[in-house]
2 protein chains.
Amino acid sequence: MAIPLSTRPPAGSKRLDAAAWIAAALEALAAEGMAGVRVERLAASLGVTKGSFYWHFKDREALVAALLERWAAGRIAAIAEQTRDHGTPADARKALLALLDIYARTPNRKGLAVELAIRGLAPGHATAKRAVAHVDAARLAKVGALFAQLGKTTAEADARALLFYAFLFGQSLMGGGKRLAAAKRAAAKIVAD
Amino acid sequence: MAIPLSTRPPAGSKRLDAAAWIAAALEALAAEGMAGVRVERLAASLGVTKGSFYWHFKDREALVAALLERWAAGRIAAIAEQTRDHGTPADARKALLALLDIYARTPNRKGLAVELAIRGLAPGHATAKRAVAHVDAARLAKVGALFAQLGKTTAEADARALLFYAFLFGQSLMGGGKRLAAAKRAAAKIVAD
DNA sequence: ACCTGAACACCGTTCAAGT
DNA sequence: ACCTGAACACCGTTCAAGT
C-alpha cells in the first residue's frame with residue numbers, strides 16, 4: 001500500500017498546527033470563559049511545552065484573534081445553512097420557526113457559552129467587537145430576507161428581524177431554557193400576521 | 001467646632017474598607033472586564049500593597065462575589081425606582097416607553113459593560129448566575145406589573161414582559177446605539193395593543 | 001484594626017539550542 | 001519546521017511582623 005508523503009502528521013504525532021491550538025482554545029473558552037484560555041494550560045493539554053506556542057502565534061492575543069475569526073466564520077456559515085431553501089412564504093415561515101426552536105431551546109450549552117463569552121468581551125475588545133458585528137450583520141440579513149419573503153416591506157422586515165434576533169439573544173442571556181411558555185407566546189407575536 | 005470621633009477615616013487616609021475595594025473592582029470591571037479585576041492592580045490604584053487586600057477578603061473570588069451582590073442590589077433598586085408611580089394605564093404606558101429609552105439608547109456605557117461582563121460570566125460561574133437570576137426576576141416582575149396595569153391577562157403580561165426585556169438586552173448585545181430606526185419600530189410593536 | 005514585606009506558585013513571553 | 005529548557009516579569013496567596 002502506498003503511504004502518502006508529506007501530508008498531515010499521523011494521529012499519534014505531537015507535531016501541532018495553529019488549528020490544533022485554536023480548537024483547544026475554543027474548548028477552554030466554552031468551559032471556563034476567556035480567562036480559561038491560558039497558554040500554559042493549553043500546552044499541557046496538548047502535550048507540549050508552552051514555549052512551542054510561540055512558534056504558531058505571536059502571543060496570547062493573536063490566538064484569541066484567530067479564535068474570534070474562526071468563530072465568526074462558523075456562525076456565518078451556520079446561519080446561511082439554517083436559512084436556505086425558502087422559495088415560498090410557507091418555507092420562510094417554517095425556517096423562522098425552526099430558528100426559534102434552535103436558539104430558544106439552546107440544546108447546545110457549549111455554543112451558547114462561547115457566544116456569551118465573546119459578546120461579554122466585545123465592549124472592551126476591538127477584535128471581538130468586529131467579529132460580533134460581522135455575525136450580527138449576517139444573521140440580520142438572512143432573517144430579514146425571510147420576513148421579506150413573507151411579504152413585509154423592507155423597513156418592516158428589518159424591524160422584525162431585529163426583534164426576532166434580539167429576543168432570541170436576550171432570552172439566552174436570561175437563562176435560556178426557563179420561562180418556556182412565555183417565550184413561545186412572545187415568539188409567536190414576532191412571526192405572526 | 002466639634003470634630004466627630006471614631007467615624008469614617010478622613011479623605012486623605014490610606015485606611016480602607018471592603019467597600020473601597022469593591023468600588024475599585026467595579027471600575028476595573030467596567031473598563032477591562034472581569035480579567036481586569038486583579039488584586040495587585042487594585043492595590044496599586046488604591047495606594048496600598050496587595051497583601052492588605054487579604055485583610056478585607058478571603059481571596060479574589062470573595063471580592064468578585066461581593067461585587068456581584070452589590071451589582072444585583074443596585075440593579076434591583078434601579079428597576080424599582082424606574083417603575084414606581086404608575087397608578088393609571090397612561091402612567092404605565094409612559095413608564096414602559098421611558099424604560100425603552102433608558103435601555104435602548106444606552107447612554108451609560110459603563111453600566112452596560114458591567115452588565116454584559118457579568119452575564120458573559122454567568123454560564124460558568126454559579127455566583128454570577130444567581131445574581132443574574134435575581135436581577136432578571138425583579139425586572140420581569142416589575143415590567144410584567146406594568147403590562148398588567150394596561151389590562152393584559154397574567155399570561156399575556158408575562159409574555160410581553162419577557163419580550164420587552166429580552167429585546168432590550170439582545171439589542172444591547174448587538175451594539176446598542178446602532179440600528180435605532182429598526183429598534184424603535186420593533187419596540188413599538190411590543191408595547192402596542 | 002489595618003497594613004507592610006518577603007516568600008512561593010502560576011502564567012505570559014523571549015530566546016538560544018535542539019531535532 | 002516545530003519543539004525544549006531556562007530565564008524573567010507579573011500576579012494570587014500566605015503569613016509573620018509592624019503600627
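So you know, we letter chains A, B, ... as the sequences are listed, proteins then strands, and number each from 1.
- Applying the ring-ring contact (aromatic ring centres under 6.0 Å, His included) test to every pair with at least one member in residues 137-165 of chain A, sequence neighbours left out, gives these pairs: A/Tyr165-A/Phe169.
- Atom CG of A/Leu16 and atom C1' of C/dT19 are 16 Å apart (whole Å).
- Contact between B/Ala92 and B/Leu146 at its shortest, heavy atoms only, is CB-O, 3.7 Å.
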Would you list the atom pairs, donor with acceptor, under 3.5 Å between side chains in residues 65-74 of chain A and any protein atom, with sequence neighbours excluded?
none

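- Under the side-chain hydrogen bond (donor to acceptor under 3.5 Å, both in side chains) criterion, A/Glu61 pairs with A/His125, sequence neighbours left out.
- Here salt bridge (Lys or Arg N to Asp or Glu O under 4.0 Å) pairs that include residues 121-131 of chain B, with residues two or more places apart or in two chains, number zero.
- Base-pairing analysis of DNA chain D finds the following stems of at least three consecutive Watson-Crick or G-U pairs, with both pairing distances under 3.5 Å: C:4-8 with D:12-16, C:12-16 with D:4-8.
- Look at CH2 on B/Trp55: it is 13 Å from C1' on D/dT19, rounded to the nearest Å.
- Taking every heavy atom of both residues into account, B/Arg75 and B/Arg139 meet most closely at CD-NH2, 3.5 Å.
- Between the CZ atom of A/Arg15 and the P atom of D/dC3 there is a distance of 5 Å, rounded to whole Å.
- In terms of modelled atom types and a separation under 3.5 Å, the side chain of A/Asp17 and the main chain of A/Ala20 share a donor-acceptor contact.
- The aromatic rings of B/His56 and B/Trp21 sit tilted, their planes meeting at an angle between 30° and 60°.
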Write out a two-atom table: protein N or O, nucleotide N or O from nucleotides 8-12 of chain C, distance below 3.5 Å.
residue: C/dC11; atom: OP1; partner: A/Arg41; partner atom: NE; Å: 3.1
residue: C/dC11; atom: OP2; partner: A/Glu40; partner atom: OE1; Å: 3.1
residue: C/dC11; atom: O5'; partner: A/Glu40; partner atom: OE1; Å: 3.3
residue: C/dG12; atom: OP1; partner: A/Val39; partner atom: N; Å: 3.1
residue: C/dG12; atom: OP2; partner: A/Val39; partner atom: N; Å: 2.9
residue: C/dG12; atom: OP2; partner: A/Glu40; partner atom: N; Å: 2.7
residue: C/dG12; atom: N7; partner: A/Lys50; partner atom: NZ; Å: 3.0
residue: C/dG12; atom: O6; partner: A/Lys50; partner atom: NZ; Å: 3.0

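- At the phosphate of C/dA1, neither OP1 nor OP2 sits under 4.0 Å from any side-chain N or O atom of B/His56.
- Spacing between atom CG of B/Leu63 and atom C1' of D/dT13 amounts to 14 Å, rounded to whole angstrom units.
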